[in-house]
Amino acid sequence: MINREWHLLSRPVGWPKPEDFALVEAPVPTPGEGQVLVRNKYLSVDPYMRGRMSDAKSYIAPFELGKAMQGGAVGEVVESNAEGIAVGDHVLHFLGWREYAAVDARHAVKVDPQAAPLSAYLGVLGMTGLTAYAGLLRTASFKEGDAVFVSGAAGAVGSQVGQIARLKGASRVIGSAGSDEKVKLLVDEYGFDAAFNYKNGPVAEQLREAAPDGIDVYFDNVGGDHLEAAIGSLNEGGRIAVCGMISVYNNTRPAPGPKNLARLIQTRGRIEGFLVGDHYDLQPQFVQEVGPWVASGALKYRETVVEGIENNLEAFLGVLRGDNVGKMVVKL
Ligand SMILES: NC(=O)c1ccc[n+]([C@@H]2O[C@H](COP(=O)([O-])OP(=O)(O)OC[C@H]3O[C@@H](n4cnc5c(N)ncnc54)[C@H](OP(=O)(O)O)[C@@H]3O)[C@@H](O)[C@H]2O)c1
């Protein structure tokens, strides 16, 4: 049987190009002792994967050239040499970008397709959901009454940040996104108090208009002029959680830093980066609190589903371009 998998051929400089990648045919792997063979059903594509395509030193190893790339995936076990995982079980694991994967049982987490749609374990109830929860509640020390601004607000992480803030009693929730349709979705469906399209004018001006009394928390998914605008609107004691800076991921030269960092002195502001991987202790609490909101519809989510392993790369590039609303996943 043939397995199709995406390999990285060369390290992209600037925007990744199709010729940096190849969809390669390989034999379906044979699971060893303690492993299961998984037929992947949903693959995750995430902005952080751009970082793994470069060989700069980071918190996670670069993708190896000429080998299958990796990423979140959920699939069905079709062969098992591992105790506790049976054929027919569904598991979440980290060997995406391919149709079949031989996965060590200790790196596979069983998920229940009756409890939630399989794709939700990659998004709203998975890594991006926990990122929103941990970044807002722990890193940004959110408290009731805070005015919260989130960028990338129509994306997987951002849409959840804004809604968790609203459900936990934010005084005002403001979001920015890259199209008028996304802005409408934020206000009409997700219950944001105000939102703006960052492509329609200077971010600082639009933010001041949307948050005339300033902001207490900024959840940064974008960096660049968004971060500078947020520092400019920060209230005394404000907190900025740096989750991502997607506006610089394809830069070939270092992006200029915010010009107004000195405002952190007068506001006693705090700016702190975080990685979701350091916050998995919150996973049970996250599922317990957010699971019922998702089930009842109090917290709404969208997914952009692209079909077919052959479209895995386009789906990834689509996330960098902003083609997605909510979590981008690939359905096999
Ligand atoms: N720290 C962590 O542990 C962690 C974990 C997960 C994710 N992240 C980060 O969180 C952020 C969101 O990730 P996600 O998975 O939820 O992705 P996402 O928001 O679903 O998708 C990325 C979005 O970024 C926006 N974007 C692209 N280029 C932009 C630019 N130049 N300026 C402003 N917005 C731009 C696009 O939407 P528009 O149409 O609005 O432009 C796109 O839809 C990313 O920065 C990611 O790296 C960090």
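Just follow the structure's listing: the first ligand is 1, and inside any ligand the first atom is 1. Just so you know, these numbers use all the heavy atoms, side chains as well, and skip hydrogens, waters and symmetry mates. These numbers were taken from a predicted model, which means no experiment stands behind them.
Checked against side-chain contact (heavy atoms from CB on, under 4.5 Å), Gln283 has the following partners two or more places apart in sequence or in another chain: Leu130, Tyr280, Phe286, Val287.
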Side-chain polar contacts of residues 107-117 - donor-acceptor pairs under 3.5 angstrom, sequence neighbours left out - could you list them?
unit_1, atom_1, unit_2, atom_2, d
Lys110, NZ, Gly84, O, 2.9
Asp112, OD1, Gln114, N, 2.8

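The structure places CG of Leu95 at 4.5 Å from CZ of Arg98, a figure rounded to the nearest 0.5 Å.
Aromatic ring centres of Phe21 and His7 lie farther apart than the 6.0 Å criterion allows.
Screening residues 119-132 for side chain to side chain donor-acceptor pair (under 3.5 Å) gives Ser119-Glu303 as the qualifying pairs, with residues at least two apart or on separate chains.
Near ligand 1, residues Pro47, Met127, Thr128, Thr131, Gly155, Ala156, Val157, Ala177, Gly178, Lys182, Tyr198, Asn221, Val222, Cys243, Gly244, Met245, Ile246, Ser247, Tyr249, Phe274, Leu275, Val276, Val319, Leu320, Gly322, Asn324, Gly326 come within 4.0 angstrom through at least one heavy atom.
A salt bridge does not link Lys168 with Glu144: none of the charged nitrogens is closer than 4.0 Å to a carboxylate oxygen.
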